[in-house]
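Just below is one structure, and these are the notes that go with it.
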Amino acid sequence: MASPASFLPLLLLLLAAAAHCSPLPQRCPQADRQALLRVKQALGNPATLKTWSPASADCCTWDHLRCDEAGRVNNVFIDGADDVHGQIPSALAGLTALMSLSLFRLPGLQGSIPACLTSLSKLEFLTISHTNVSGPIPESLARLHSLDSVDLSNNKLTGSIPNSFADLPSLRSLDLRRNQLTGPIPASLVQGQFMSLVLSYNQLTGPIPRDDAQDEINTVDLSHNQLSGDASFLFSEARPIGKVDLSYNNLDFDLSKLKFPKELTYLDLSHNRIRGTVPRSLEALSTLQTLDLSYNCLCGPLPKLHGVMRHGCKPYEHNLCHRGAPLESSCHQL
Ligand SMILES: *[C@@H]1O[C@H](CO)[C@@H](O)[C@H](O)[C@H]1NC(C)=O
């Protein structure tokens with residue numbers, strides 16, 4: 001019978017064979033590296049990306065990016081660089097493991113958002129913000145079903161918000177503020193699953209699409225547009241909502257009977273055409289920090305304990321009451 005020791009060389013051989021069959025995944029595969037080098041070239045070889053060098057084999061050591069555990073580039077962030085010039089490189093589409101792409105504060109970035117970004121099927125976080133990127137938001141972006149957060153704020157985007165955005169199953173935060181977007185807000189975009197919806201400082205028109213879901217919403221900022229009609233459905237005792245800014249629109253509805261959710265911390269409805277009286281449910285809002293109902297058509301009297309002590313009379317100023325006691329004077333009498 002053979003001694004146990006004689007099995008040892010065989011065992012080592014087997015182990016070596018096993019290791020050979022399942023090699024560690026290669027860090028920074030050639031395709032990722034080539035894509036990055038093409039991105040750098042398309043952005044005018046900026047000094048900001050000097051570590052992105054053909055002389056360096058392992059791109060996971062380069063600045064402005066991160067790799068996942070498998071050694072694939074999953075995060076690219078290029079920000080605050082004046083020396084970046086050109087369009088959003090289509091070579092970015094080659095980084096197929098990308099989960100997060102951030103192009104932030106790049107004044108030299110221009111042109112439109114390329115439709116080829118839709119090949120980034122794992123993308124969860126997309127930021128293109130504070131750039132000179134213009135043109136429409138590609139409808140096809142909504143094919144990126146993993147998208148969780150989209151920030152395209154502070155650009156020069158035009159056209160309307162694609163209807164397809166309402167179908168994104170995981171989208172929880174959308175920030176399109178300070179562009180030149182026109183047209184209506186797509187139906188069912190203001191959905192309960194939203195943690196944050198910021199569409200302020202555009203030229204959006206039409207009504208706020210009605211949504212009666214009762215899920216929690218953190219922030220709705222639709223201010224500085226030309227939205228009209230009713231927004232009262234946003235408020236319900238049963239739906240927690242934290243910050244609502246609908247100021248500087250053409251909203252026209254009766255505020256009198258609204259039941260504000262007690263979670264409300266920020267309410268700005270100023271500069272609209274809102275009618276009725278200040279609802280009594282305001283009395284119970286102990287966590288409300290910001291209140292502005294000025295420049296509307298509200299009438300007095302104000303509910304007792306409504307928070308004049310905390311907020312003063314300023315939130316009620318310049319209301320053009322059409323029927324009943326003027327709001328402002330009833331405030332000053334308290
Ligand atoms: C757009 O380009 C102009 C002129 O180059 C620049 O002054 C401005 O800061 C850029 N805008 C943004 C948001 O980067």
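Computation of the quantities below employed the complete heavy-atom set of this structure, encompassing side-chain atoms and omitting hydrogens, waters and symmetry-equivalent molecules.
Judged as a side chain to side chain contact (heavy atoms under 4.5 Å, CB included), and not counting sequence neighbours, the contacts of S281 are F260, P279.
Within the 4.5 Å cutoff, side-chain heavy atoms of L298 are placed close to those of L293. A 4.5 Å side-chain heavy-atom check between N202 and R178 finds every atom pair outside the cut-off. Inter-residue side-chain proximity for L103 and L101 is flagged as met; some heavy-atom pair is nearer than 4.5 Å.
On the SG-SG cut-off of under 2.5 Å, C321 and C297 do not qualify. Disulfide check for C28/C59 passes, with the SG atoms closer than 2.5 Å.
A donor-acceptor pair under 3.5 Å is absent between the side-chain atoms of N225 and the main chain of L227, judged by distance alone.
Atom CD of Q180 has more than 12 heavy atoms from other residues, nucleotides or ligands within 6.0 Å.
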Could you please spell out the steps behind the side chain to side chain donor-acceptor pair (under 3.5 Å) verdict for T131 and N155? CA-CA 5 Å; T131 75; N155 294 301; 2.5 Å; yes

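Aromatic ring pairs are classed by plane angle as parallel below 30°, tilted from 30° to 60° and perpendicular above 60°; the pair H271 and Y248 is parallel.
A cation-pi arrangement is not found for R177 relative to Y201, the charged atom failing to lie both closer than 6.0 Å to the ring centre and inside a 45° cone about the ring normal.
Nearest heavy atom pair, residue P54 against residue R33, reads O-NH2, 2.6 Å.
Screening residues 42-67 for salt bridge (charged side-chain N to carboxylate O under 4.0 Å, His left out), with sequence neighbours left out, gives R27-D58.
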